[in-house]
Amino acid sequence: MMTRKEVERIVGIFKNHGIDKETGKRVKENVIHDFFDEIDDLMGYEGASEVIFVPEEYGLDKEATIQEIVDYILENQNIG
């Protein structure tokens with residue numbers, strides 16, 4: 001189970017072109033792939049992390065904020 005803060009950090013990194021605002025550094029590619037997997041696992045299906053990049057395909061605004069995307073992910077996470 002990921003915390004809201006963890007999900008916000010991951011979504012923020014993707015929305016900030018791979019830069020972690022906490023460290024100011026670019027996140028390594030292998031870590032980026034791990035983040036995709038973490039979001040997919042949290043939501044319960046492969047490709048779920050696409051909500052970050054094409055939120056309009058998930059019923060959100062095309063310019064959805066980090067908070068709106070995080071809300072969607074947490075509201076639709078796979079519990080169980």
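Sequence positions, counted from 1, serve as the residue numbers for this chain. When reading the values below, keep in mind they use all heavy atoms of this one structure, side chains included, and skip hydrogens, waters and symmetry mates.
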*Evaluate the side-chain contact (heavy atoms from CB on, under 4.5 Å) criterion for residues D40 and Y45: first the C-alpha distance (whole Å), next the side-chain angles of each, then the deciding distance (0.1 Å), finally the verdict.*
CA-CA 5 Å; D40 290 350; Y45 62 97; over 6 Å; no
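- Shown here are the side chain to side chain donor-acceptor pair (under 3.5 Å) partners of D41, two or more places apart in sequence or in another chain: there are none.
- You'll find the side chain of E6 stays beyond 4.5 Å of the side chain of L42, heavy atoms only.
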*What's the verdict on side-chain contact (heavy atoms from CB on, under 4.5 Å) for V7 and T3, showing C-alpha distance, side-chain angles and the deciding distance?*
CA-CA 6 Å; V7 177; T3 67; over 6 Å; no
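- Ring-plane geometry between F14 and F35 is classed as perpendicular, the angle between the planes exceeding 60 degrees on a 0 to 90 degree scale with a lower cut at 30.
- The distance from the CD atom of E38 to the CD1 atom of I73 is 11.5 Å, given to the nearest 0.5 Å.
- Distance alone, capped at 3.5 Å, places no donor-acceptor pair between the N16 side chain and the G12 backbone.
- The backbone N or O of V54 sits nowhere less than 3.5 Å from a side-chain atom of E57 that would complete a donor-acceptor pair.
- Contact record, S49 with F36: OG-CD2, 3.3 Å, taken as the closest heavy-atom pair.
- The line from NZ of K15 to CD of E8 is 14.0 Å long, rounded to the nearest 0.5 Å.
- Under the 4.5 Å side-chain contact rule for hydrophobic residues, F53 and I19 do not share a cluster.
- A distance of 9.5 Å separates CD1 of I52 from OH of Y58, quoted to the nearest 0.5 Å.
- Cluster annotation: V31 and M2 are assigned to the same hydrophobic cluster (Ile/Leu/Val/Met/Phe/Trp/Tyr, side-chain heavy-atom contacts under 4.5 Å, transitive).
- Evaluation of the side chain to side chain donor-acceptor pair (under 3.5 Å) rule for D20 yields R9 as partners, not counting sequence neighbours.
- Atoms CD1 and NZ, on I13 and K25 in that order, are 13.0 Å from each other to the nearest 0.5 Å.
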_Evaluation steps, side-chain contact (heavy atoms from CB on, under 4.5 Å), between R4 and Q67_ = CA-CA 10 Å; R4 179 177 192 84; Q67 295 304 318; 3.1 Å; yes
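- Atom-to-atom distance recorded for I10:CD1 and I66:CD1 is 12.0 Å, nearest 0.5 angstrom.
- E68 places a side-chain N or O within 3.5 Å of a backbone atom of T65 that can act as its donor or acceptor partner.
- For the pair D61 and E56, the minimum side-chain heavy-atom distance is 4.5 Å or more.
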